[in-house]
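I have placed the structure first, in the form of structure tokens, so that the comments after it can refer back to it.
When a ligand or atom number is given, it counts from 1 through the structure's own listing order.
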Amino acid sequence: MFVSVTTHRLDLVEMISDPETRVCVPLNEKTVRALLSAIASVPETADMIELRLDGLEPSQIQTATSELRNLVGTSSRPFVLTFRPLEQGGYRAITAKERQAFWEKQFDLEGVFFDLEGDLVQELTTRDADAQPDWSRVICSHHDFSGVPNSLEELYEQMAFTPARILKLAVKANDVVDCLIVFNLLDLARNDGREIIAIAMGEAGVITRILGPSRGSFLTYGALEVDRGTAPGQVVASDLESVYHIEHIDRETIITGLVGSPVSHSVSPHMHNSAFREAAINGVYLPLEVRNLGQFFKRMVTPRTRELDWNLRGLSITAPHKTEVMNYLDWIEPRAQKIGAVNTVLLENEQLRGYNTDAEGLIGPLIQRMGSIAGSRAAVIGAGGAASAAVFALLEQKVDVCVYARDSEKAQALCQRFNISSEPLQSSFAGKDIVINATPLGSLGAQAAETPAIANQLRDVRLAYDLVYNPIETRFLLEAREAGCQVLGGLEMLVAQAKLQFKIWTNTNASSELMYAAGSSALSKTFSRD
Ligand code: NAP
């Protein structure tokens, strides 16, 4: 007979301030000293702390066990103890004997949850009742770091048959549609009256970490700091609160997000979510790591076919999907048709409507800086999506435009569409008023030291505009300053196009200053590491 969950329940959950949205910070340190210091730095907003004791050096386990007794008595938040063997996602090899000896010393500890893998749970249920843990504090867990097993629901059924109070299933999402099965599991468990933590790991699974609690997940894990997560895709705990406002997300929340691949380093969630907060709109903007756009639209977006019940309102579309997305929409505004790219989708009255805010977002800051640009001469470097939006926007302002690109065929294709001319990339920009970098040269990472033009090529140019925004200060802008040009950075455009998107989705004007501050602060804090 299993021990009854209700009669033995030590309601640790009462210790948690927000019963709806619980954030648990997992800690993984090699020494007890480091672990204690990490515990002290867990933000106040976190509700629970997971101690990944399998991360400790083996010589530290004894000390950890005795320290734990002091800790649990003084902590205002419950701990989750985890001692995972390597083959189930742990940090080191743990023998069956070591695992058994470890847990036998912990089960009389009050004030903690025990995260026990499914095999251990099965084994414990065969023991005498007094050798079993308090099942009301057991999380029965299963992890799959490679993908989503076909048998996930079967696995859930097996785990639901154990006396563990909480079930945890963590799988690896390789595309955003893999999140669907995780959301289904949450529904299934709710219907069964079971408490569950269901997570899709990896960048493509981030939305399960942010929306999970609002869809019934017992908790969500948030990393202590960037690069200190214990599983792929973990969002920093303080960002769950300060960027995503997770405690306010419910089933009514308007969902918007950035569709692309990769999207994990985007600053758009920082900008849009701060705008939602400022406008007091119950909305959230999510990073949606989408590889197969057709599947994403069919299974998660298109109202007639989607499998997810969510209050989806709008999408930003970024590389590599800005052209392909046009195949899945009910209506596309004429200017997006002309540019050949959609970067904004609105869901309204069961219809999908496509817009392009890049062109207007690009030209707005330029006109603000230079006044009227009609009759001036501009060079656009690059022949991709951003270049196309730039050419369109400049022609609308009656600017004389010339494209400079390394691939002459692509340059010609772009020029033919707009009936303009092109030049080879190495040319000088003498005689131009405006030079726009619409290539990724100068972006953080391997291309950071590169520039599409050096100072000598930019002499006498009035303004150099870099569409690259990360970093804010690029080599191209440095070269332009040296040549005596005025400069404009890509964050100005990013903000302007985001502001237009926000207006399309919410009919509300976001503050440019607020969005710029959110974007630049995110760029300087989080993204300058790469
Ligand atoms: P895209 O469609 O991939 O086009 C990139 C263009 O840059 C292509 O013409 C490409 O040439 C060229 N290019 C790439 N590497 C190059 C190199 N090493 N030397 C010379 N040319 C090179 O990308 P996109 O969407 O247009 O974006 C371009 C840049 O603008 C990105 O950095 C993006 O982040 C930025 N952007 C900023 C904003 C904003 O709001 N600030 C908005 C959109 C885009 P090939 O075709 O020969 O590869």
Side-chain angles (χ1 to χ4, degrees), residues 258-268 270-272 316-325 336 339-344 355-366 379-393 402-415 417 422-427 435-454 457 464-477 487-502 512 515-516 518-520 522-523 527 530:
L258 175 64
V259 173
S261 184
V263 292
S264 62
H265 283 189
S266 169
V267 297
S268 295
H270 296 258
M271 299 193 312
H272 283 286
S316 306
I317 312 289
T318 190
H321 301 312
K322 284 185 186 179
T323 306
E324 190 193 341
V325 71
I339 296 164
V342 159
N343 78 330
T344 309
Y355 303 84
N356 188 305
T357 66
D358 276 339
E360 203 179 331
L362 180 142
I363 213 74
L366 191 59
V380 172
I381 311 175
S388 178
V391 169
F392 175 88
C402 181
V403 167
Y404 294 71
R406 65 174 174 184
D407 183 326
S408 59
E409 273 182 34
K410 283 187 190 165
Q412 270 166 24
L414 176 62
C415 290
R417 273 175 49 216
S422 68
E423 294 273 341
L425 192 51
Q426 297 310 321
S427 313
V435 176
I436 299 180
N437 174 30
T439 76
L441 290 173
S443 301
L444 210 62
Q447 293 178 302
E450 296 184 37
T451 177
I454 55 168
Q457 291 173 278
Y465 190 174
D466 200 342
L467 304 192
V468 172
Y469 55 84
N470 188 11
I472 292 176
E473 193 63 39
T474 60
R475 163 119 189 257
F476 177 61
L477 294 184
V487 296
L488 197 51
L491 190 55
E492 310 258 359
M493 170 183 170
L494 191 72
V495 167
Q497 62 79 33
K499 196 177 151 160
L500 292 162
Q501 295 183 321
F502 196 78
S512 303
M515 278 189 157
Y516 192 94
S520 62
L523 283 173
F527 300 88
D530 298 25

Q. Looking at CG of Leu425 and CG of Asp407, how far apart are the two atoms once the value is rounded to the nearest 0.5 Å?
A. 11.0 Å

Q: Could you please spell out the steps behind the side chain to side chain contact (heavy atoms under 4.5 Å, CB included) verdict for His265 and Asn470?
A: CA-CA 10 Å; His265 283 189; Asn470 188 11; 5.5 Å; no

(Q) Go through it in stages, so that I can follow the logic: the residues are Asp358 and Ile339, the test is side chain to side chain contact (heavy atoms under 4.5 Å, CB included), and I'd like the CA-CA distance, side-chain angles, deciding distance and then a yes or no. (A) CA-CA 10 Å; Asp358 276 339; Ile339 296 164; over 6 Å; no

Q.
Can you check which of Asp407, Ile381, Thr439 brings a heavy atom nearest to atom 29 (C) of ligand 1?
A. Thr439

(Q) If I apply the N/O under 3.5 Å rule, does Gly385 come out as touching ligand 1? (A) yes

(Q) Just to confirm my output: which protein heavy-atom neighbour is closest to atom 27 (O) of ligand 1, and how far is it? (A) Ala386 CB, 3.9 Å

Q. Do Arg406 and ligand 1 have an N or O pair less than 3.5 Å apart?
A. yes

Q.
Side chain or backbone, does Lys410 bring an N or O within less than 3.5 Å of an N or O on ligand 1?
A. yes

(Q) Quick check on contacts: which atoms of ligand 1 are under 4.0 angstrom from a heavy atom of Leu467? (A) 30 (O), 35 (C), 36 (N), 37 (C), 38 (C), 39 (C), 41 (N)

Q) Between Gly519, Ala411, Pro440, which one has a non-hydrogen atom sitting closest to atom 13 (N) of ligand 1? A) Pro440

Q: Would you check the N or O atoms of Val468, main chain and side chain alike, for any that come under 3.5 Å of an N or O of ligand 1?
A: no

**Q.** Side chains of Arg406 and Thr439, donor plus acceptor under 3.5 Å
**A.** no

Q) Asp466 pairs by side chain to side chain contact (heavy atoms under 4.5 Å, CB included) with which of Asn437, Ile472, Val435, Ile436? A) Asn437

Q: Supply the atom-to-atom distance Ser388 OG to Lys410 NZ, rounded to the nearest 0.5 angstrom.
A: 13.0 Å

Q.
Check this for me - ligand 1, Gly382, N or O atoms closer than 3.5 angstrom, yes or no?
A. no

Q) Between atom CG of Leu441 and atom CD of Glu450, what is the distance when rounded to the nearest 0.5 Å? A) 5.5 Å

Q.
Heavy-atom distances under 4.0 Å decide this one: backbone, side chain, both or neither, for Pro452 against ligand 1?
A. neither

Q: Using a strict 4.0 Å cut-off to heavy atoms of Tyr469, name the atoms of ligand 1 that fall inside it.
A: 41 (N)

Q | Side-chain donor or acceptor of Gln501 paired with backbone N/O of Asn343 under 3.5 Å | A | yes

Q) Is ligand 1 under 4.0 Å from a heavy atom in the side chain of Leu491, in the backbone, in both, or in neither? A) neither

Q) Which distance, rounded to the nearest 0.5 Å, do you find between the CG of Leu362 and the CE of Met493? A) 4.5 Å

Q: Would you check whether Leu425 has a nitrogen or oxygen atom less than 3.5 angstrom from a nitrogen or oxygen atom of ligand 1?
A: no

Q: Could you check atom 43 (C) of ligand 1 against the protein and tell me its nearest heavy-atom contact, residue, atom and distance included?
A: Lys322 NZ, 3.9 Å

Q. Can you tell me if CD on Gln457 sees more than 12 non-hydrogen neighbours from other groups inside 6.0 Å?
A. yes

**Q.** N/O donor-acceptor pair under 3.5 Å between Ser422 side chain and Val403 backbone
**A.** no

(Q) Please list, in number order, the atoms of ligand 1 under 4.0 Å from a heavy atom of Ala438. (A) 6 (C), 7 (O), 28 (C)

Q) Looking at atom 9 (O) of ligand 1, what's its closest protein heavy atom, distance included? A) Ala383 N, 2.8 Å

Q: Go through ligand 1 atom by atom and flag the ones less than 4.0 Å from a non-hydrogen atom of Gly490.
A: 39 (C), 41 (N)

